[in-house]
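In what follows, a structure is listed as structure tokens, so that the remarks can point back to it.
Chain A is the first sequence line, chain B the second, and so forth, proteins listed ahead of strands; every chain is numbered from 1.
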Amino acid sequence: MKSPEASPLQTHPQSESDPPFNNPSQSVDFIREIINQDLKEGKNNGKVITRFPPEPNGYLHIGHAKSICLNFGIAEEYNGVCNLRFDDTNPEKEDVEYVDSIMEDVKWLGFDWEDRIYFASDYFEQLYLYAEELIELGKAYVCDLTPDEIREYRGTLTEPGKESPYRSRSIEENLNLFRRMRAGEFPDGSKSLRAKIDMASPNLNMRDPVLYRIRRVKHHRTENKWCIYPMYDYAHPLSDAIEGITHSICTLEFENHRPLYDWFISQLNTKSIPRQIEFARLNLTYTVLSKRRLIELVQNKFVDGWDDPRMPTLAGLRRRGFTPLAIRNFCSAIGVAKSDSVIDIANLEYFLREDLNKKAVRVMAVLNPLKLVIDNYPEDKVEELDAENNPENPAAGTRKIPFCKTLYIEKEDFREDPPKGFFRLSPGKEVRLKHAYYITCEKIVKDPKTGEIIELHCKYDPNSRGGWTTDGRKVLGTLHWVSAPHAKEAEIRLYSHLFLKPDPDDVEEGQDYKSNLNPNSLTILNGCKVEPSLMQAKPGIPYQFLRQAYFCLDSRHSSTEKPVFNRTVTLRDTWGKIEKSQRRKE
RNA sequence: UGAGGCGUAGCCAAGCGGUAAGGCAGCGGCCUUUGGAGCCGCCAUUCCCAGGUUCGAAUCCUGGCGCCUCAGCCA
């Protein structure tokens, strides 16, 4: 445990209204450790300023959420701020559609950049001036080598590169050429501005990296103002410095770029000295999390858009019914470190269920209906029974549900020949209808042709109203049901993992991850019977369909006549597990 | 045979010379008008391997091994 003054977590306790910070261990990750040390040494005047720097070339996914939670979370804990900065230095791939979705997703997760929304493109002029400064320092030059030649000159991992023949141009010539590059005097790709560092460096990033390229491409913000665009390695550290970022947190693949990051900061006299820290990106089992692949899934119609509920994008997860708190709790629970890791997706599902359990209204819905008639129940009688909305939260109150002679129950809740341990309905067996009565099955009606069970006849015990008797009778099984004449029809969409294997890259020679796509990741059920209250469902409100799963109204396919529900995540299924292991034994 | 990282349970992850936290998964049990939730218990004599230093090593030293990243005018 660190001393109290070393831990801002303790000097700035979270208020009551803050979501629970799910880190019972109280251990501090290596990034916060570094920040604590910097603070102790009095760096940055005791300030902590971070940034979340997405490139607007795709939708945000759960991996970005880890970074967002880290950057905004750290800012909050240390009483600092976190900027939202779009890293839009490559107009060929970027689009406003993406900046809009990114803003929506960050907000949805519950983070606030206030007025600090920035674009690297806002710094193009300043960045250009810095480049001239570098030229004047003799630290950058205009190079006429083609991309192919640059690659050849760069050398390899084990052999040093060789210097460009243009490396020794005079400062005046470089300045002149660079200005003319900006003025549009040279064709695309014909020249580049390069840093003059060390062609023999063991770190390839230091072998005279390109700073500016010529590209006549319309930028989504600066439009046609520029025909030269800065490279990430150059723009990023300087953008950080311009914003006064103290800790520039990024993923591991940029570790090799840190010497270059520091080089720019030390060559140019920036007023602030940002520090880059790298952590391991998130990987999830049964999931693919690279922009290249996600965009491929969308463009080749393997899924129905960026917000397909099977996608790991924040838009997809939101539509699927995930809550921001579940994602945030997940992100803080998995930790931050430097070892490449793959998180079991069961973790995500755990934190989802944990949150949904507290929030979801319990309702009854029958996915695969089986008609059930209570023979000894009066023909035209309808009762209004009380049902609690959420046993985890009595304040959620109760509602009335209609009950009568004809009901639907779930097909899989009846077995003519029950296996051992099955305590749902079977011939002669008494079970409880949730919130209603005890019933006993007396007769099965089958389709004479197919043998399929199409109707059940039962008797009920009038003394068990509400699902209780006073005689201490033990009724183990409880079934959900819906009144047949009152039930509404709904479409229900069941989702499972998009990929068949924990590691989508686990493929046969010559195949790629797409061969592991799960052909059954979406199952559409029609003719589902739901209780009437569900006709008031709104997207974004979580429901628990009792004994089954959490669901939410689909924001795209629902209509007033026919609601469509997405299965967010199943309930834990202990019986399913038992049955599975029984089957294994046989 | 270059450089930079990383190796602690099935999956994450603490640990910072004093005798292996916590979470997920799994497995038992209790409880239950959701086979849900909740509760209780179990789950690393050992930290990639081999030597060394030390009264004492996951932690320090030496030497191996394994994995990841880098040869875009992408980020």
Side-chain angles (χ1 to χ4, degrees), chain A residues 22-29 33 53-55 57 87 89-90 92-93 143 145-147 150-152 154-161 188-194 201-207 209-215 229 231-233 235-236 250 252-259 278 280 285 291-292 330 333-351 353-354 357-358 362 364 388 391-392 421-424 432-436 438 464 466-468 475-480 502 544-549 570-579:
Chain A
N22 208 316
N23 186 354
S25 65
Q26 289 296 312
S27 60
V28 167
D29 60 67
E33 221 164 78
E55 184 190 11
N57 69 343
D87 219 330
T89 55
N90 182 8
E92 291 180 38
K93 294 183 179 169
C143 184
L145 254 25
T146 66
I150 287 186
R151 190 183 326 116
E152 279 168 36
R154 186 155 32 226
T156 68
L157 294 176
T158 50
E159 303 154 31
D188 284 10
S190 62
K191 284 181 166 45
S192 61
L193 184 72
R194 293 228 259 161
S201 172
N203 182 338
L204 304 218
N205 295 123
M206 302 300 271
R207 320 241 262 229
V210 170
L211 269 38
Y212 273 90
R213 70 282 217 184
I214 305 174
R215 285 279 178 285
Y229 291 99
M231 301 288 290
Y232 166 87
D233 279 325
H236 204 88
C250 64
L252 244 29
E253 67 269 27
F254 294 103
E255 205 159 25
N256 294 335
H257 297 238
R258 193 169 64 231
E278 312 85 11
T285 55
K291 278 192 188 173
R292 208 209 93 232
F330 165 76
I334 58 176
V336 183
K338 293 192 71 157
S339 56
D340 292 307
S341 58
V342 184
I343 308 288
D344 189 334
I345 197 160
N347 281 274
L348 217 208
E349 293 167 349
Y350 171 85
F351 289 102
R353 290 190 183 105
E354 180 188 60
N357 177 48
K358 291 176 195 142
R362 272 60 169 177
M364 295 202 283
E388 64 185 342
E392 303 295 319
F422 184 85
F423 51 77
R424 278 113 100 142
R432 170 171 37 240
L433 294 176
K434 179 79 177 175
H435 305 306
Y438 291 174
S464 62
W468 273 121
V475 174
L476 228 40
T478 301
L479 270 43
H480 61 275
Q544 185 195 104
F545 290 6
L546 226 51
R547 304 207 303 133
Q548 306 188 92
T570 60
L571 254 30
R572 277 186 57 217
D573 182 11
T574 306
W575 167 243
K577 225 184 280 177
I578 294 168
E579 218 181 8

Separation of atom CD1 in A:Ile334 from atom C1' in B:rG23, rounded to whole Å
11 Å

CG of A:Asp233 versus P of B:rG72: gap in Å, rounded?
13 Å

Kindly say if A:Arg194 contacts the phosphate of B:rG72, meaning a side-chain N or O under 4.0 Å from OP1 or OP2.
no

Any Lys/Arg nitrogen of A:Lys93 or A:Glu55 sitting under 4.0 Å from an Asp/Glu carboxylate oxygen of the other?
no

Say you pick atom P in B:rG18 and the same atom in B:rC60; how far apart are they, in whole Å?
12 Å

With rounding to the closest Å, how many angstrom separate the P atoms on B:rC24 and B:rG36?
16 Å

Whole-Å C1' distance, B:rA58 and B:rU54:
15 Å

At a cut-off of 3.5 Å, list every protein nitrogen or oxygen paired with a nitrogen or oxygen from nucleotides 28-30 of chain B, distance to 0.1 Å.
none

Phosphate-side-chain proximity, A:Arg213 and B:rC74, N/O vs OP1/OP2 below 4.0 Å
yes

Sugar-phosphate only, base, or nothing, as touched by A:His257 at under 4.0 Å among non-hydrogen atoms
base

Taking CD from A:Glu388 and C1' from B:rA37, how many angstroms apart are they, rounded to a whole number?
11 Å

Between B:rG35 and A:Arg424, is there an OP1 or OP2 to side-chain N/O distance shorter than 4.0 Å?
no

Anti or syn - B:rG72, cut at 90° from 0:
syn

Write down the distance between CD1 (A:Ile343) and P (B:rG22), rounded to a whole number of angstrom.
18 Å

Using both distances under 3.5 Å as the test, list the Watson-Crick or G-U wobble partner of B:rG4, or none.
B:rC68

Minimum heavy-atom distance A:Met364-A:Leu546, with the two atoms named:
CG-CD2, 4.1 Å

Rounded to whole angstrom units, what separation is found between the CE atom of A:Met206 and the P atom of B:rA71?
16 Å

Side chain of A:Asn347 only, heavy atoms from C-beta on: which candidate in B:rG35, B:rA75, B:rG23 is closest?
B:rG23

Could you tell me whether the phosphate oxygens of B:rG36, OP1 or OP2, come under 4.0 Å of any side-chain nitrogen or oxygen in A:Thr574?
yes

Name all residues meeting the side chain to side chain donor-acceptor pair (under 3.5 Å) criterion together with A:Asn357; count only those two or more places apart in sequence or in a different chain, and write none if there are none.
A:Arg362

Residue list, side chain to side chain donor-acceptor pair (under 3.5 Å) with A:Asp87, at least two apart or on another chain
A:His236

In whole angstroms, how far is the P atom of B:rU32 from the CD atom of A:Glu392?
16 Å

Under 3.5 Å donor-acceptor, A:Asn256 side chain and A:Asn203 backbone
no

Provide a list of protein-nucleic acid N or O atom pairs under 3.5 angstrom, restricted to nucleotides 3-9 of chain B.
from, atom 1, to, atom 2, distance (Å)
B:rG5, O2', A:Glu255, OE1, 3.2

C1' atom, B:rG15 versus B:rA9: distance in rounded Å?
15 Å

Sequence neighbours left out, what passes ring pair (Phe, Tyr, Trp, His ring centres under 6.0 Å) with A:Trp575? Give chain and number order.
A:Phe422

Measure from the side-chain N and O atoms of A:Thr285 to the backbone N and O of A:Ile345, and report whether any donor-acceptor pair falls under 3.5 Å.
yes

For A:Glu388, which residues count as a salt bridge (Lys or Arg N to Asp or Glu O under 4.0 Å) partner, sequence neighbours excluded?
none

Watson-Crick or G-U counterpart of B:rG41, or none if no pair lies under 3.5 Å:
B:rC27

Residue list, ring pair (Phe, Tyr, Trp, His ring centres under 6.0 Å) with A:Phe545, at least two apart or on another chain
A:Phe551, A:Phe565

What is the base-pairing partner of B:rU32, counting Watson-Crick and G-U wobble geometry with both distances under 3.5 Å?
none

Non-neighbouring partners of A:Arg213 that pass side chain to side chain donor-acceptor pair (under 3.5 Å), sequence neighbours left out:
none

Between A:Arg292 and B:rC74, does any side-chain N or O lie under 4.0 Å from OP1 or OP2?
no

Could you state the atom-to-atom distance from CD of A:Glu159 to P of B:rG2 in whole Å?
12 Å

G-U wobble or Watson-Crick pairing nucleotide for B:rA9 (cut-off 3.5 Å, both distances):
none

Can A:Tyr232 be called stacked on B:rA75 when the rule is centres closer than 5.5 Å and an angle between planes below 30°?
no

By side chain to side chain donor-acceptor pair (under 3.5 Å) - contacts of A:His257 (at least two apart)
A:Asp233

Which whole-number value in Å describes the distance from A:Leu546 CG to B:rU32 P?
18 Å

Side chain of A:Arg151 - closest among B:rC74, B:rA25, B:rG72
B:rG72

In the structure shown, which nucleotide is the Watson-Crick or G-U wobble counterpart of B:rU62, with both distances under 3.5 Å?
B:rA50

